Amino acid sequence: MTCHDRRVDTRDPIADLRRIAFLLERAHESTYRVRAFRGAIVALARRDPDEVARLAAAGDLKRLKGVGDVTARCVVESLRGEVPAYLQRLEDEAPEPVDPTTEELLTALRGDCHSHTDASDGGSPLYEMAATARGLGHEYLVVTDHSPRLTVANGLSAQRLRAQLDQIAELNVALGAGFRVLTGIEVDINEDGSLDQDPDLLAELDIVVASVHSKLRMPGQEMTERMLTAVENPLVDVLGHCTGRMVTGNRKRPESQFDADAVFAACAEHGVAVEINSRPERLDPPKRLLRQAVEAGCVFTIDTDAHAPGQLDWLRNGCERAVECEVPADRVLNTWPLEKLLTATRSGG
Ligand SMILES: [Zn+2]
Ligand SMILES: [Zn+2]
């Protein structure tokens with residue numbers, strides 16, 4: 001390693017910007033607001049650190065495309081060896097500590113089974129999601145981008161999903177032992193309960209999360225049929241955010257109507273995990289249904305459904321609800337050793 005004496009007391013500006021982006025995303029800031037930081041990280045990573053230091057000293061950082069006033073100030077402070085004021089403010093807003101029981105479950109989780117990259121509607125590329133998941137101590141991250149019919153979310157065609165599988169294989173080689181990106185999809189459950197992707201391709205994936213994203217207000221009986229058809233499909237491993245409700249924000253909507261007894265009984269019978277979705281605006285299923293799924297003997301996954309790296313730190317939301325609804329830890333698939341999880345999901349339901 002080269003020794004740069006004059007930089008001994010400086011901080012790594014890219015690491016500081018990455019931490020800022022992470023904290024903003026964890027606080028559920030819009031991708032738009034975080035983009036300035038993520039963009040600056042990309043711009044700076046392309047440059048030699050000496051050049052960055054020279055530009056910072058000359059007050060010329062903003063000549064780099066992607067670096068603005070706020071990000072330039074952070075870099076200058078960082079290079080002076082100071083915690084950037086912007087970062088310090090965010091660190092001071094740290095979330096409340098979790099209670100010991102929740103902490104225990106959170107620690108037992110080995111990975112996350114539902115996440116999105118910028119291939120569909122996520123805000124960051126695959127490698128950034130993977131690096132953040134590894135940094136959080138996960139053993140794996142399942143990448144589950146959307147399926148073709150969800151055009152608003154830039155759902156992946158079979159061809160694009162195949163390209164992503166190659167990209168994941170390459171990334172896993174680069175990442176080495178100790179962490180793995182698992183292949184997956186969040187496949188739309190079509191109105192007739194069929195799945196919105198080629199079955200042969202679905203069969204190749206490590207984890208298939210199936211979710212309803214359209215016609216959420218269809219009559220209860222039809223919705224029940226639709227969900228049962230999906231749950232009975234041996235390709236499905238996880239039933240994503242089962243009620244589709246939105247509890248906060250400007251997209252609030254009620255739960256879909258369906259016969260939860262029948263759907264959870266089918267999940268239990270076919271070994272399909274009921275997802276406990278940790279997104280603050282979803283928190284799905286509602287607690288009364290979560291308790292019902294526990295009663296029905298279901299297994300679960302606790303997922304972030306992260307659309308940005310910082311959102312990968314939302315598992316605590318799901319853990320809090322799981323603890324409150326007395327979900328046994330050994331029925332949460334992501335507490336299982338990876339090989340056991342993969343054996344269960346590959347065995348066709
Ligand atoms: Zn979804
Ligand atoms: Zn999702």
Side-chain angles (χ1 to χ4, degrees), residues 25 28 30-31 111-126 129-130 132-133 140-156 160-161 164 181-191 193-197 202 205-218 223 226-227 230-231 236-249 251-256 258 263 267 272-286 289 300-315 317-318 333-334 345:
E25 288 159 355
H28 209 177
S30 69
T31 304
D112 195 334
C113 297
H114 185 165
S115 70
H116 299 271
T117 73
D118 61 4
S120 65
D121 60 347
S124 286
L126 171 65
M129 294 297 285
T132 305
Y140 60 86
L141 174 66
V142 190
V143 171
T144 55
D145 277 313
H146 289 288
S147 64
R149 287 195 201 181
L150 205 60
T151 48
V152 288
N154 194 21
L156 275 63
R160 289 181 61 219
L161 179 52
Q164 186 183 60
V181 179
L182 300 181
T183 61
I185 187 172
E186 181 179 16
V187 67
D188 261 50
I189 300 175
N190 296 324
E191 277 175 58
S194 62
L195 304 177
D196 178 31
Q197 190 49 280
L202 291 175
L205 304 173
D206 293 317
I207 304 268
V208 173
V209 178
S211 309
V212 170
H213 289 118
S214 61
K215 287 274 170 65
L216 289 145
R217 309 293 291 270
M218 73 187 343
M223 184 60 95
R226 180 183 185 181
M227 293 170 80
V231 167
V236 172
D237 302 310
V238 179
L239 177 63
H241 50 68
C242 64
T243 78
R245 72 172 184 171
M246 290 283 183
V247 291
T248 57
R251 291 200 301 154
K252 267 192 201 169
R253 66 179 175 233
E255 300 168 21
S256 295
F258 59 93
V263 170
C267 285
V272 169
V274 174
E275 176 187 72
I276 302 172
N277 189 295
S278 301
R279 292 193 67 80
E281 78 277 24
R282 287 195 182 274
L283 298 176
D284 203 357
L289 289 184
F300 300 88
T301 56
I302 299 176
D303 299 332
T304 61
D305 195 357
H307 284 65
Q311 297 178 2
L312 289 166
D313 207 19
W314 283 348
L315 285 173
N317 298 343
L333 265 51
N334 33 346
T345 58

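As the structure lists them, so they are numbered: ligands from 1, and atoms in each ligand from 1. What you see below is based on every heavy atom in this structure, not just the backbone, and it leaves out hydrogens, waters and symmetry mates. These numbers come from a predicted model, not from an experiment.
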>> Between Phe300 and Asn334, is there a side-chain heavy-atom distance shorter than 4.5 Å?
In response: no

> Would you say the side chain of Asp305 lies within less than 4.5 Å of the side chain of Val209, judging by non-hydrogen atoms?
Replying inline: no

> Mind checking whether the Zn ion (ligand 2) has an N, O or S of His307 under 2.8 Å?
Replying inline: no

> Is His241 close enough that one of its N/O/S atoms sits under 2.8 Å from the Zn ion (ligand 2)?
Replying inline: no

> What atom name does the N, O or S atom of Glu186 nearest to the Zn ion (ligand 1) carry?
Replying inline: OE2

>> Using the rule given for salt bridge (charged side-chain N to carboxylate O under 4.0 Å, His left out), can you reason through Asp188 versus Arg149, listing the C-alpha separation, both sets of side-chain angles and the distance that settles it, and then say yes or no?
In response: CA-CA 7 Å; Asp188 261 50; Arg149 287 195 201 181; over 6 Å; no

> Can you find a side-chain donor-acceptor pair between His241 and Glu186 that sits under 3.5 Å?
Replying inline: yes

>> If you consider just the N/O/S atoms, which atom of Asp305 is the closest one to the Zn ion (ligand 2)?
In response: OD1

> With respect to the Zn ion (ligand 2), what is the nearest N, O or S atom of His116?
Replying inline: NE2

>> Between His114 and the Zn ion (ligand 1), is there a contact where an N/O/S atom of the residue lies under 2.8 Å from the metal?
In response: no

> In terms of the angle between their ring planes, are Trp314 and His28 parallel, tilted or perpendicular, with boundaries placed at 30° and 60°?
Replying inline: perpendicular

